[in-house]
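Below: the structure, in structure tokens.
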Amino acid sequence: MDTFADFYQNSEYASFEQDVRRGGTFGLTFLDVKQGAIETADPAIPEVPFVTTMNKHDAFQYDFGDGWKTHSYAQGVVDIQPPNQECRFRLPDLHLRIAFAPEQQLRVLLDERGMSLTALEGFSGQFRSSAMAFALIQDMWRLSLYDDPATNLMIDGLWLSLVSKLLADTDKRLGLAPASAIGDARLGRVVEYIEEHLSEPLCVGNLAAVACMSTTQFSRSFKSALGQTPAKYVTLRRCRKAEELLRKTKLPVTAVAAICGFRNVNYFWTVFKRETGRTPAETRQH
């Protein structure tokens with residue numbers, strides 16, 4: 001099957017009440033389905049599903065290739081499933097509202113804006129509460145009822161807002177802060193220095209020297225500007241770099257740890273799981 005719309009209309013889901021719509025110029029498909037309890041395997045399709053539920057609260061089981069897990073699902077939660085991967089579910093009665101984005105179109109959209117699907121993939125297989133993201137999907141669904149140029153333009157705007165919101169949330173979660181976005185040029189230099197020296201020891205004293213500040217002034221100014229202590233920021237940046245290497249290369253975990261400034265692989269494993277919610281092995285599988 002080429003699309004999830006085809007799958008839902010030609011599988012066990014076909015017996016459930018559903019409505020399929022299309023809108024915008026990015027190849028988006030929208031699905032509203034009121035399904036009964038079911039155990040199913042969604043096929044590997046080159047689309048990225050952005051899933052919301054209209055139920056107040058439910059629990060279900062899912063398996064993205066690493067064993068069954070239980071998750072509590074409620075309104076306001078957005079689930080982004082990985083493209084091109086079979087996903088198994090054990091679901092109760094659910095009212096789902098889903099936006100499907102073609103993987104290639106999403107890659108082009110992000111590439112044109114200097115972003116990467118890798119950043120968004122930090123959410124894949126995860127469940128994130130975002131009232132704004134949830135509301136944007138509902139707005140696109142309502143607008144998709146109408147097929148005219150003005151409405152398609154509005155859907156495109158909402159779609160860009162959704163992707164930007166999720167990417168910003170990912171960056172915030174992993175402590176990202178581009179140097180150009182920091183008002184104090186001295187702290188901007190420190191952020192650039194950190195990026196260039198992640199494999200090396202990065203103590204607060206050395207970073208304060210880069211900023212030409214005392215250690216106390218630097219620590220206070222850094223946390224005020226970036227919302228993290230220098231040590232926490234360095235840890236998050238190392239974990240983000242490790243995520244990229246695990247996804248994009250076949251380097252051994254020990255090599256990834258060393259490149260990202262972790263001298264002890266067991267410590268790397270512990271910190272990485274704490275900060276990203278996944279082990280290095282789980283990240284590489286996704």
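Quick caveat, the model's predicted, so the values are computed rather than measured. All values below were derived from every heavy atom in this structure, side-chain atoms included, with hydrogens, water molecules and symmetry-related copies excluded.
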Side chains of Ile155 and Leu28: closer than 4.5 Å at any heavy-atom pair? yes

| Below 4.5 Å, heavy atoms only, C-beta onward: do Ser219 and Val204 meet side chain to side chain? | yes

Heavy-atom closest pair (Pro201 atom, Arg263 atom, distance to 0.1 Å) is CD-NH2, 4.1 Å

Arg186 side chain vs Ala208 backbone, donor-acceptor pair below 3.5 Å: no

Q: Please lay out, stage by stage, how Trp159 and Leu106 fare under the test side-chain contact (heavy atoms from CB on, under 4.5 Å).
A: CA-CA 10 Å; Trp159 172 241; Leu106 186 53; 3.8 Å; yes

The test is side-chain contact (heavy atoms from CB on, under 4.5 Å); show your working for Val190 and Phe218 and say whether it passes. CA-CA 10 Å; Val190 172; Phe218 167 69; 3.8 Å; yes

Distance col, row Thr276:OG1 vs Glu243:CD, nearest 0.5 angstrom, shows 5.5 Å

* Asked: Quick one: does Thr235's side chain get under 4.5 Å of Arg274's, heavy atoms only?
  -> yes

key: 4.5 Å side-chain heavy-atom contact, Val234 and Leu207   = yes

Discussion item. So does Asn84 get a backbone contact from the side chain of Glu103, meaning a donor-acceptor N/O pair under 3.5 Å?
Written reply: no

- Please work out whether the ring planes of Tyr233 and Phe222 are parallel, tilted or perpendicular, with thresholds of 30° and 60°. perpendicular

Smallest heavy-atom separation, Ala41 atom then Arg88 atom, equals CB-CG, 4.0 Å

Side chains of Thr40 and Phe7: closer than 4.5 Å at any heavy-atom pair? yes

Across all chains, not counting sequence neighbours, the salt bridge (charged side-chain N to carboxylate O under 4.0 Å, His left out) partners of Arg220 are none

Review point. For the residue pair Phe268 and Phe272, does the interplanar ring angle fall in the parallel (under 30°), tilted (30 to 60°) or perpendicular (over 60°) class?
Key: tilted

Point to revise | Short side-chain to backbone donor-acceptor contact, Arg238 and Cys260, under 3.5 Å | key: yes

Is the count of non-hydrogen atoms from other residues, nucleotides or ligands lying under 6.0 Å from Glu200 atom CD greater than 12? yes

Between the OG1 atom in Thr254 and the CG atom in Asn266, the distance rounded to the nearest 0.5 Å is 11.0 Å

Scanning both residues in full, the closest heavy-atom pair of Ala14 with Gln18 reads CA-NE2, 3.8 Å

Side chain to side chain donor-acceptor pair (under 3.5 Å) pairs touching residues 134-157, sequence neighbours excluded, are Thr25-Asp156, Thr52-Gln138, Arg97-Gln138, Asp139-Arg142, Asp148-Thr151

With the side chain counted from C-beta on, respond yes when Met140 and Leu162 share a heavy-atom pair under 4.5 Å apart, and no when they do not. yes

Requested in this report: Indicate if Leu91 and Phe4 have the same hydrophobic cluster label, given that clusters are the connected sets of ILVMFWY residues with side-chain heavy-atom separations under 4.5 angstrom.
Outcome: yes

Between His95 and Asp32 the two heavy atoms that sit nearest each other are NE2-OD2, 2.9 Å

With a cut-off of 6.0 Å (strictly less than), are more than 12 heavy atoms of other residues, nucleotides or ligands near NZ of Lys69?
yes

Taken to the nearest 0.5 Å, the spacing of Ile98 CD1 from Ile137 CD1 works out to 9.5 Å

Legend entry - Path from Leu136 to Leu153 over hydrophobic side-chain contacts below 4.5 Å: no

Between the CZ atom in Phe134 and the CZ atom in Phe50, the distance rounded to the nearest 0.5 Å is 15.0 Å

One should read off an interatomic distance between Arg247 CZ and Thr283 OG1, to the nearest 0.5 angstrom, of 5.5 Å

In short, Thr229 meets Lys223 closest at the heavy-atom pair CG2-CD, 4.2 Å

Q: Go through the steps to decide whether Leu96 and Leu31 satisfy the test side-chain contact (heavy atoms from CB on, under 4.5 Å), and finish with yes or no.
A: CA-CA 8 Å; Leu96 299 177; Leu31 171 71; over 6 Å; no

Quick check: does any side chain N or O of Arg237 sit under 3.5 Å from a backbone N or O of Glu195, one acting as donor and the other as acceptor?
no

Q. With side chains defined as the heavy atoms from C-beta onward, is the minimum distance between Tyr13 and Asp42 less than 4.5 Å?
A. yes

Shared hydrophobic cluster for Leu143 and Leu160 (ILVMFWY, side-chain gaps under 4.5 Å) | yes

All heavy atoms of Gly205 vs all of Thr215, minimum pair found to be CA-OG1, 4.2 Å

| query | Is the shortest heavy-atom distance from the side chain of Tyr62 to the side chain of Cys87 under 4.5 Å? | reply | no

**Message:** Same cluster or not: Leu158 versus Val48, using hydrophobic residues (I, L, V, M, F, W, Y) connected whenever any side-chain heavy atoms lie under 4.5 Å apart?
**Reply:** yes

(message) Any salt bridge linking Glu275 with Lys232? Criterion: basic side-chain nitrogen under 4.0 Å from a carboxylate oxygen.
(response) yes

d(Phe89 CZ, Glu39 CD) to nearest 0.5 Å is 11.5 Å

Can Trp269 be reached from Leu236 by stepping across I, L, V, M, F, W or Y side chains whose heavy atoms are under 4.5 Å apart? no

